[in-house]
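Only one structure is covered here, and it is reproduced in the block below.
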Amino acid sequence: MMRFEWRPFLERWSGEWADAYDPERDGRAGSEDWRAARWLGREPAAEAGITAAEARLGVALPPSLRSFLAVSDGWHHAGRFVWRLAGCEDLDWWGDPHGMRDVWLENWDDPDEDLVREAGVWSRSLQLATESDMVDVLLDPEDMDERGEWAVYTWAPWWASPPERHPSFRHFMEDMYRQFHAMAADRPSFANETTRALDGRIEQARLAALRGEYESAREVLSEAAAFGRPRASRLREQIDVLCGTATGAEGGGSLTDPYLAHEALPLTCRAQTGYGSQQEESLTRTFPEEDRPAVAAVLRAVEEATYRYRADGAFGEALEQARTSARRAEPEAAWRTLAAALPAWIPRSADHIAPVGLLADPYLGPVLTPERGRLLLSTPRGPGAAKSVALPAGAARADGLGWLADDDRDGFRIVLIAGVEPPEVPGRLCADDATAVRPALRVEDAWQVRTGGEPWEARAVARFGAAGDGWSFAHCNRGMDTAQTRFRSPATGASCGTRALTLVYEPRPGPEDTAAFHLSCAQDGEQRYSLTVRGGARTVAGEIPAALTPAALFAGRTVAEGLRTALGAVAAHFGVTVSREAVCHGRLDGFETRSWLREPAAGEGWAYWTRS
């Protein structure tokens, strides 16, 4: 392995420190002398001194520390809150004088061998920090690599985190150099050969990211971010948030920054929703007073799922079309529309490389999965990009209905209506006194059965969308309606001038097979046929198509075993398909249905129950 050249590295560090010197931050005893000398080190240690230290300690020092001491017998201002590193004479075993091993293990009832070994780092290591703000710099002889290098662990009680590992002393020093840069980045006129080189690489990485070379760009930006370069973190965050590994949130600033106002702020609000008025106060106070009403408005819009991401030009027009597809429960169509328009996307500022604010849009955010986020990042976009992009070949995948059986613990209720568009669905199924459409509901929002109107009623919150060519659907999670004698299929009322289907599956946990499946078909306001299978009992009304008879769907199988086959047969017979992605992971508009139970007849007793 090539020997590391300590001298030029340490001279560069020392010179940059001297140029950035601030008496209020760096003014410890001796700092003025180190500044004048432009050297944070000491005189080199002689070979005899290094050998004597090894004899005193009873070990051979790791190669990178040994070669460092031959250049500088100790170091000052080693990064974050470490003011002096030991030289040959004061390098010694630490011995855990504060009992940190026991403190670290006291919250574990039965710590395993790995945890006990990790906790022993305080008792078995050399202490490199001789002056610090309670920071330990521990050189661990039991964590040695094939080159004989020992790992360095840094820790302080005020970090509230485990010790940080550095693979070797050389790695530790390089990390501390980066920390020095990060801590000095906000100082006026902090500029040197290193910062200029990093800033040039950041600009090249920005251009590479716009060309679709996001992985190589991220490597450059990560290195620059470790040095605290101002642009690097924001650019890298945009890559990470689209890959699903970051939030994209930023901690305040002025809304005169277009990226912050239109991209980072909605993502910040998305990351902080659900905490009430106190959260609004803690968020808004990080912004200038004149911006706080606008920040609060965006937070409320994100919380209420009324926020809409906007953009200029052709990409902005594509957003509206894609949002319509997403609201129709057609996420693949929405994505294809966005992907086709990406070359026309316009950055809001010089630090903007992707439309990350899309993720805060309640309809389009779920469409932009991490997989699609990576496809977006790999697509050339912005000024100078080609004006067309290759789209996936073929039609979008048809999910059918069989996927509804994947989680048979929760059950489902779904109504399918032919010949109507999704916006017409609420009018056919909605309760008379609850006609308002509720925007952008999650699947869990359609879970709870709600009662309204008369006490015997069983209403539900259902979400709706398109169900393939010429069909629409309304879906909600399970209820106990079909278990009651007064069950009324909503397909009947929904079928005026067309036909409609009701499908219900009610799981019944336990050793007995009492799960139930219900299918009913209505046309022009009248029920044509129905099938209910509960355990071994089968109830049939009307003339059922041969492909949908109990014998075809459940012969020799329990309801749970035959559920997927039954759903596949219904989908094939009627040509319907419902997007699993849209129902399970997307946001869809919803409404409160009319009751799934009929009114009790005169003199008829009734009971209503539900299962949450």
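Heavy-atom basis, side chains included; hydrogens, waters and symmetry copies ignored.
Under the 3.5 Å distance criterion, the side-chain polar atoms of N192 are left unmatched by any main-chain donor or acceptor of E16. Within the 3.5 Å criterion, the main-chain N or O of A209 finds a donor-acceptor partner in the side chain of R381. A donor-acceptor pair is defined here as one N or O able to donate and one able to accept, closer than 3.5 Å; no such pair exists between the side chain of E142 and the backbone of V121. Remark: the backbone N or O of A354 is paired with a side-chain donor or acceptor of H352 at under 3.5 angstrom. Judged purely by atom type and a 3.5 angstrom limit, T337 has no side-chain atom pairing as donor or acceptor with the backbone of A322. At least one donor-acceptor pair under 3.5 Å links the side chain of D145 to the backbone N or O of R147. At distances below 3.5 Å, at least one donor-acceptor pair connects side-chain atoms of T286 with backbone N or O atoms of L283. In this structure, D73 contributes its side chain and G87 its backbone to no donor-acceptor pair below 3.5 Å. In this structure a side-chain-to-backbone donor-acceptor pair under 3.5 Å is missing from Q238 to V356. Under a 3.5 Å cut-off, the side chain of Q321 and the backbone N or O of E317 do not form any donor-acceptor pair.
Within 6.0 Å of CD in E131 there are more than 12 heavy atoms belonging to other residues, nucleotides or ligands. Heavy-atom contacts from other residues, nucleotides or ligands closer than 6.0 Å to CD of E24 number 12 or fewer. Counting non-hydrogen atoms of neighbouring residues, nucleotides and ligands closer than 6.0 angstrom, the CG atom of D469 reaches no more than 12 such neighbours.
Ion pair E237/R234 not flagged as a salt bridge, since none of the NZ, NE, NH1 or NH2 atoms sits closer than 4.0 Å to an Asp/Glu carboxylate oxygen. Salt bridge present: E332 and R372 bring a charged side-chain N and a carboxylate O closer than 4.0 Å. Comment: R196 does not engage D199 in a salt bridge, judged by the lack of any side-chain N to carboxylate O separation of less than 4.0 angstrom. R201 has no carboxylate O lying under 4.0 Å from a charged side-chain N of E223, or vice versa, which leaves the two without a salt bridge. E193 and R12 are not joined by a salt bridge, as no carboxylate oxygen comes within less than 4.0 angstrom of a charged side-chain nitrogen. By the 4.0 Å N-to-carboxylate-O rule, D140 lies too far from R165 to be salt-bridged with it. Residues R323 and E320 are paired through a salt bridge, judged by an N-O separation under 4.0 Å between the basic side chain and the carboxylate. The pair D22-R187 does not meet the salt-bridge criterion, since no charged nitrogen lies less than 4.0 angstrom from a carboxylate oxygen. D361 and R327 are not joined by a salt bridge, as no carboxylate oxygen comes within less than 4.0 angstrom of a charged side-chain nitrogen.
Contact record, V578 with D399: O-CB, 3.4 Å, taken as the closest heavy-atom pair. For C243 against Y214, the heavy-atom pair with the smallest separation is SG-CE1, 4.1 Å. Contact record, R463 with R587: NH1-CA, 4.1 Å, taken as the closest heavy-atom pair. Considering all non-hydrogen atoms of both residues, W345 and P355 come closest at NE1-CB, 3.6 Å. When all heavy atoms of A249 and T268 are compared, the pair lying nearest together is CA-OG1, 3.3 Å. Summarising the geometry of A185 relative to G228, their closest heavy-atom pair is CB-O, 3.3 Å, with the distance given to 0.1 Å.
A donor-acceptor pair shorter than 3.5 Å cannot be found between the side chains of R35 and S31. For the residue pair S64 and E149, a side-chain donor N or O sits within less than 3.5 Å of a side-chain acceptor on the partner. For the residue pair W150/D143, the side-chain donor-acceptor check at 3.5 Å is not satisfied. Side-chain contact check for E250 and Y259: no donor-acceptor pair (N or O, by modelled atom type) lies under 3.5 Å. In summary, the side chains of R38 and S14 do not present any donor paired with an acceptor at a separation below 3.5 Å, with no hydrogens or angles considered.
For the atom pair CZ of R178 and CD of E174, the computed distance is 6.0 Å after rounding to the nearest 0.5 Å. Rounding to the nearest 0.5 angstrom, the gap separating the CZ atom in F68 from the CZ atom in F172 is 9.5 Å. To the nearest 0.5 Å, the span separating CD on E164 from OG1 on T154 amounts to 4.5 Å. With rounding to the nearest 0.5 angstrom, the CE atom of M144 is 12.5 Å from the OG atom of S168. With values rounded to the nearest 0.5 angstrom, L338 atom CG is found 12.0 Å from L375 atom CG. To the nearest 0.5 Å, atoms CG (L358) and CG (L376) are separated by 8.0 Å.
Residue E263 is tested with R348, R270, R310 for a salt bridge (Lys or Arg N to Asp or Glu O under 4.0 Å); the sole match is R348.
Under a cutoff of 6.0 Å and an axis angle of 45°, R42 and W75 do not form a cation-pi pair.
Annotation: side chain of L65 is in contact with side chain of L91 (closest heavy-atom distance under 4.5 Å). In this structure the side chain of I353 reaches within 4.5 angstrom of the side chain of L235, judged on heavy atoms. Between L588 and Y363, the closest side-chain pair of non-hydrogen atoms is not below 4.5 Å. The side-chain heavy atoms of R300 and E280, taken from C-beta on, include a pair separated by under 4.5 Å. Between L221 and R229 the shortest side-chain heavy-atom distance does not fall below 4.5 Å. The closest side-chain heavy-atom distance from V241 to T247 is not below 4.5 Å. Proximity of Y309 to L364: side-chain heavy atoms (C-beta onward) are nowhere separated by under 4.5 Å. Between W158 and D133, some side-chain heavy-atom pair lies under the 4.5 Å cut-off.
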Next on the checklist: Could you walk me through whether D240 and R218 satisfy the salt bridge (charged side-chain N to carboxylate O under 4.0 Å, His left out) test, starting with their C-alpha distance in whole Å, then the side-chain angles of each, then the deciding distance to 0.1 Å, before giving a yes or no?
Outcome noted: CA-CA 9 Å; D240 289 346; R218 190 190 182 282; 2.6 Å; yes
Item to check | F287/L255 under side chain to side chain contact (heavy atoms under 4.5 Å, CB included): CA gap, chis, key distance, verdict | outcome: CA-CA 8 Å; F287 291 84; L255 296 189; 4.0 Å; yes
Checklist entry - Run the side chain to side chain donor-acceptor pair (under 3.5 Å) check on S579 and E330 step by step: do they pass? => result CA-CA 7 Å; S579 167; E330 297 173 335; over 6 Å; no
Checklist entry - Could you go step by step and tell me if D291 and S254 meet the side chain to side chain contact (heavy atoms under 4.5 Å, CB included) rule? => result CA-CA 7 Å; D291 290 337; S254 171; 3.9 Å; yes
Next on the checklist: Could you walk me through whether V152 and L138 satisfy the side chain to side chain contact (heavy atoms under 4.5 Å, CB included) test, starting with their C-alpha distance in whole Å, then the side-chain angles of each, then the deciding distance to 0.1 Å, before giving a yes or no?
Outcome noted: CA-CA 5 Å; V152 173; L138 304 171; over 6 Å; no
Next on the checklist: Under the criterion salt bridge (charged side-chain N to carboxylate O under 4.0 Å, His left out), I'd like the reasoning laid out for R442 against D589: C-alpha separation, chi angles, the key distance, then a yes or no.
Outcome noted: CA-CA 9 Å; R442 299 161 299 183; D589 294 336; over 6 Å; no
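Between F227 and H181, the ring-plane angle classifies as perpendicular under the 30° and 60° cut-offs. In this pair, W13 and Y177 present their aromatic rings tilted. The plane angle is within the 30 to 60° band. The aromatic rings of F169 and W6 sit tilted, their planes meeting at an angle between 30° and 60°.
The aromatic ring centroids of H77 and W83 lie 6.0 Å or more from each other.
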